[in-house]
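Working notes for the structure below.
One-based numbering, in listed order, for ligands and for the atoms of each.
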Amino acid sequence: MSTYNLGKMQKKLKKYMDDGRYEHTLGVMYTAAALAMCYGEDIERAQVAGLLHDCAKCIPNEKKLKLCKQHGIPVSEIEKSSPYLLHASLGAYIAREKYDISDPEILSAIACHTTGKPDMTLLERIIFISDYIEPMRSKASNLPKIRRLAFEDLDLAVYMTLRDTLAYLETEKTALDHQTTVAYEYYRTLIEEREA
Ligand code: FE
Ligand code: FE
């Protein structure tokens with residue numbers, strides 16, 4: 001018997017998302033399931049985390065800030081100026097309160113999916129990578145390579161994703177959450193030491 005009602009979750013999510021975001025959400029769910037098969041993570045957990053990772057994405061930015069304030073979710077300076085970043089931590093909150101998710105690993109995978117973080121759990125890495133490589137994505141650099149690597153060497157795929165994300169944010173002059181840099185440094189060292 002399965003623990004979660006994925007169909008019910010999907011119906012509810014669809015109401016809070018535009019079509020493009022919902023398509024992306026399904027893509028992340030399927031990709032996370034495939035990676036879970038590949039690496040021996042619980043498939044249903046991966047599906048749930050994939051489904052809910054962007055559950056707060058379509059909330060208007062002003063409302064994101066307001067909800068965080070209301071519920072005591074910390075807002076950093078960078079998040080104050082780029083509130084879209086908050087959809088990760090606010091998403092974890094909504095997953096817990098509105099979708100009855102109590103599994104702390106699922107919640108943390110949602111909370112760190114945008115920036116990544118050092119020493120991520122298997123589920124956290126699966127969601128982080130699925131968000132980047134799901135089939136609807138098309139713009140990111142090195143996508144074919146990272147898509148293949150994701151199923152061969154998850155840490156290397158995480159490293160390359162963080163590296164390319166930083167490079168992209170650099171050229172776009174987009175707000176960069178310090179967490180992304182911290183995560184990148186961690187995985188760069190990990191890969192370097194592994195290859196030494
Ligand atoms: Fe997201
Ligand atoms: Fe996403």
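- Taking the six-membered ring where tryptophan is involved, the planes of Tyr184 and Tyr159 are essentially parallel, since the angle between them stays under 30° and well short of 60°.
- Residue-environment remark: CD (Glu170) stays at or below the threshold of 12 foreign heavy atoms within 6.0 Å.
- Nearest to the Fe ion (ligand 2), among the N, O or S atoms that Asp131 has, is OD1.
- Side chain of Asp54 to backbone of Lys57: no donor-acceptor contact under 3.5 angstrom is found.
- The number of heavy atoms from other shown groups lying within 6.0 Å of OH (Tyr168) does not exceed 12.
- Taking 2.8 Å as the threshold, Asp54 counts as a candidate ligand of the Fe ion (ligand 2), since one of its N, O or S atoms lies below it.
- When you scan the N, O or S atoms of His53 for the one nearest the Fe ion (ligand 2), you land on NE2.
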